[in-house]
Amino acid sequence: MAESMSVILLLLVLTSYKMSCLHAQDLPILMPHYYEKSCPCAFPIIRNEMHLALLKDPRMAASLLRLQFHDCFVQGCDASLLLDDTPTLRGEKTANANINSARGFDVIDLIKTKLESECPGVVSCADIITIAARDAVLLSGGPYWEVSLGRKDSSTASFNDANNNIPTPNSNLQTLITSFQKQGLSTVDMVALLGGHTIGNARCQNIRPRIYNNSASMAFSEPHLSMVKAACPPSGNDNGVWPLDFPTPILFDNSYYINLVRGLGLLNSDQTLYSEGSETKEIVESYAHDPLGFWKQFSESMVKMSNIVDPLTFVTGEVRKNCRTVNDPL
Ligand code: HEM
């Protein structure tokens with residue numbers, strides 16, 4: 001009896017905590033200097049590992065940046081994306097947006113191993129993603145922003161939310177806007193964050209609907225289009241890739257927006273920012289002319305996205321020893 005009373009009490013406390021913590025100003029506080037005493041070498045370790053990873057594979061910057069987006073849109077930024085499937089947990093790695101697509105898990109493992117040997121049990125996997133994504137952009141020639149830290153890792157993941165919350169490349173503009181709004185992100189945040197597509201690649205299965213079925217708003221020159229079509233024939237080679245921002249896919253510049261103005265967006269969801277809505281069109285035009293304006297907003301919006309945290313995770317979460325698994329699996 002006493003035990004069930006205390007469970008009820010705990011639930012009540014958690015529920016009221018959750019209800020009262022829905023506003024950004026009430027969220028548990030993340031701090032830039034969170035690891036200053038407990039793991040002073042966290043930043044240099046992560047920067048160094050990112051540097052080594054990019055020397056081996058420059059595309060890894062893009063892959064790590066994308067991990068942050070896919071993590072934060074599902075249950076908040078809690079490293080739920082990193083959990084492997086187990087008999088009792090269906091993870092997010094096999095959801096539509098991630099399967100055969102999300103990369104960089106090995107780099108996170110390397111970083112985690114280094115951090116665990118320096119300061120065991122201190123730096124959360126969710127914070128590792130956040131710092132690695134920032135460093136990925138910086139090392140690709142992009143802006144620097146200060147990250148706030150102290151996130152906890154979840155003990156759960158959501159395959160369904162990964163399928164429902166991460167927009168698809170063939171969603172229309174309103175659907176894209178709504179999916180960002182649901183995370184507390186504005187249309188400006190969305191257009192700036194999509195500038196992340198200035199680095200990295202997309203697979204043929206995602207490119208095909210744009211290059212074969214949407215030729216009306218297609219402005220690729222004949223030689224350019226032939227190259228993309230050669231890489232991505234009408235069928236087969238689903239996992240072949242082409243740069244999202246041709247021809248500077250490892251440089252964090254503003255050419256993504258310049259391409260959109262020219263009708264050269266690689267995904268339907270990219271080009272639609274320019275072709276479908278007047279507000280988003282204006283923002284695209286402004287970033288095409290003002291690279292520093294893009295960097296400033298991108299940095300602000302990355303901070304906003306990385307601060308999507310579920311307050312409950314601060315109570316129920318942990319610092320995983322291994323980012324792929326919860327500390328005490330059933
Ligand atoms: C409207 C929302 C978005 C849609 C529909 C979308 C869609 C996609 C798709 C389809 C790919 C290619 C995946 C593949 O073919 O394997 C991709 C790649 C990528 N996305 Fe997005 N994305 C969105 C927002 C974002 C945001 C907010 C960021 C980061 C701030 C981001 C960063 C990236 C990066 C860097 C890549 C390249 C990854 C790599 O090369 O490994 N995306 N995105």
Side-chain angles (χ1 to χ4, degrees), residues 53-54 57-74 77 93 95-107 129-130 132-134 136-137 139-140 142-143 145 162-163 165-183 185-211 231-232 237-246 248-252 256 260 265-273 276-277 280 284 294-295 297-306 308:
L54 300 203
D57 173 10
R59 181 186 167 198
M60 202 43 86
S63 307
L64 264 295
L65 172 61
R66 186 166 181 242
L67 284 190
Q68 169 114 72
F69 165 50
H70 285 208
D71 183 38
C72 297
F73 267 49
V74 181
C77 313
K93 290 180 179 174
N96 293 331
N98 296 326
I99 191 163
N100 296 325
S101 179
R103 319 164 70 236
F105 300 114
D106 297 347
V107 176
I129 299 179
T130 303
R134 188 272 310 273
V137 170
L139 293 169
S140 306
W145 61 90
N163 274 336
N165 296 6
I166 301 170
T168 78
N170 296 309
S171 317
N172 66 28
L173 185 61
Q174 193 48 53
T175 308
L176 299 178
I177 291 173
T178 307
S179 64
F180 277 71
Q181 268 170 357
K182 279 190 190 149
Q183 306 290 341
L185 297 169
S186 67
T187 302
V188 172
D189 291 319
M190 182 186 82
V191 179
L193 287 170
L194 265 163
H197 287 181
T198 182
I199 52 176
N201 295 342
R203 286 169 309 139
C204 293
Q205 79 173 57
N206 289 319
I207 299 169
R208 229 175 252 127
R210 166 94 173 116
I211 59 169
C232 297
N237 203 23
D238 280 0
N239 292 323
V241 293
W242 189 260
L244 282 158
D245 175 18
F246 184 82
T248 57
I250 57 170
L251 186 63
F252 203 93
Y256 169 77
L260 296 189
L266 189 69
L267 302 174
N268 280 327
S269 49
D270 293 325
Q271 195 55 49
T272 200
L273 297 183
E276 221 185 308
T280 52
V284 168
F294 158 52
W295 277 16
Q297 187 57 53
F298 182 82
S299 305
E300 276 174 30
S301 298
M302 278 299 289
V303 169
K304 222 167 143 185
M305 181 169 78
S306 64
I308 305 172

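As the structure lists them, so they are numbered: ligands from 1, and atoms in each ligand from 1. As a basis for the values below, the full set of heavy atoms in this structure was taken, side chains included, without hydrogen atoms, waters or symmetry mates.
- Interface of Gly200 with ligand 1, defined as ligand atoms under 4.0 Å from a residue heavy atom, comprises 37 (C), 40 (O).
- Atoms of ligand 1 found under 4.0 Å from any heavy atom of Ser269, numbered from 1 in the order shown, are 5 (C).
- Against a heavy-atom cut-off of under 4.0 Å, Leu244 is close to the following atoms of ligand 1: 18 (C), 19 (C), 36 (C), 37 (C).
- Ligand 1 has a nitrogen or oxygen under 3.5 angstrom from a nitrogen or oxygen of Asn201.
- Taking every heavy atom of Pro167 and a limit of under 4.0 angstrom, the matching atoms of ligand 1 come to 1 (C), 2 (C), 5 (C).
- Residue contacts with ligand 1 for Ile207 are absent, since no atom lies close enough (heavy atoms, distance under 4.0 Å).
- Distance alone, capped at 3.5 Å, is enough to place a donor-acceptor pair between the Thr198 side chain and the Leu251 backbone.
- For ligand 1, the atoms lying closer than 4.0 Å to a non-hydrogen atom of Gly196 are 35 (C).
- Checked by atom type and distance alone, the side chain of Gln297 never pairs as donor or acceptor with a backbone atom of Ala192 at under 3.5 Å.
- The shortest contact between atom 23 (C) of ligand 1 and any protein heavy atom is with Phe69 CE2, 3.5 Å.
- Atom 30 (C) of ligand 1 has its closest protein heavy atom at Leu193 O, 3.4 Å.
- Between atom 34 (C) of ligand 1 and the options Arg59, Gln68, Arg66, Gln183, the minimum heavy-atom separation is to Arg66.
- Contacts between Leu267 and ligand 1 below 4.0 angstrom, taking non-hydrogen atoms only, involve the side chain exclusively.
- Taking a 6.0 Å sphere around CG of Leu185, one finds it holds more than 12 heavy atoms contributed by other residues, nucleotides or ligands.
- Atom 1 (C) of ligand 1 has Leu176 CD2, 3.5 Å as its closest protein atom, hydrogens excluded (heavy atom only).
- For Phe298 and Phe252, the ring centers are positioned less than 6.0 Å apart.
- Trp242 and Phe246 have parallel rings, their planes meeting at less than 30° on a 0 to 90° scale where 60° marks the start of perpendicular.
- Nearest protein heavy-atom contact of atom 3 (C) of ligand 1 is Leu194 CD2, 3.8 Å.
- Ion pairing between Arg103 and Asp57 holds under the 4.0 Å rule for side-chain N and carboxylate O.
- Donor-acceptor pairing under 3.5 Å is recorded for the side chains of Ser171 and Thr168.
- If you check the side chains of Gln183 and Ser179, you find no donor sitting under 3.5 Å from an acceptor.
- Residue Ser101 has at least one N or O atom closer than 3.5 Å to an N or O atom of ligand 1.
- For atom 35 (C) of ligand 1, the nearest protein heavy atom (residue, atom name, distance) is Ala62 O, 3.2 Å.
- Note that CG of Asn98 is 6.0 Å distant from NE2 of His70, once rounded to the nearest 0.5 Å.
- Restricting His197 to its N/O/S atoms, the shortest distance to atom 21 (Fe) of ligand 1 is reached by NE2.
- The distance from ligand 1 to the heavy atoms of Thr168 drops below 4.0 Å at these ligand atoms: 5 (C).
- In terms of protein heavy-atom proximity, atom 41 (O) of ligand 1 is nearest to Ser63 OG, 2.7 Å.
- Looking at Arg203, its side chain never comes within 3.5 Å of a backbone N or O of Ser101 through a donor-acceptor pair.
- Counting only distance, with no hydrogens or angles, the side chain of Gln271 and the backbone of Gly265 share a donor-acceptor pair below 3.5 Å.
- Counting atoms of ligand 1 from 1 in the listed order, those under 4.0 Å from a heavy atom of Ile199 are 35 (C), 37 (C).
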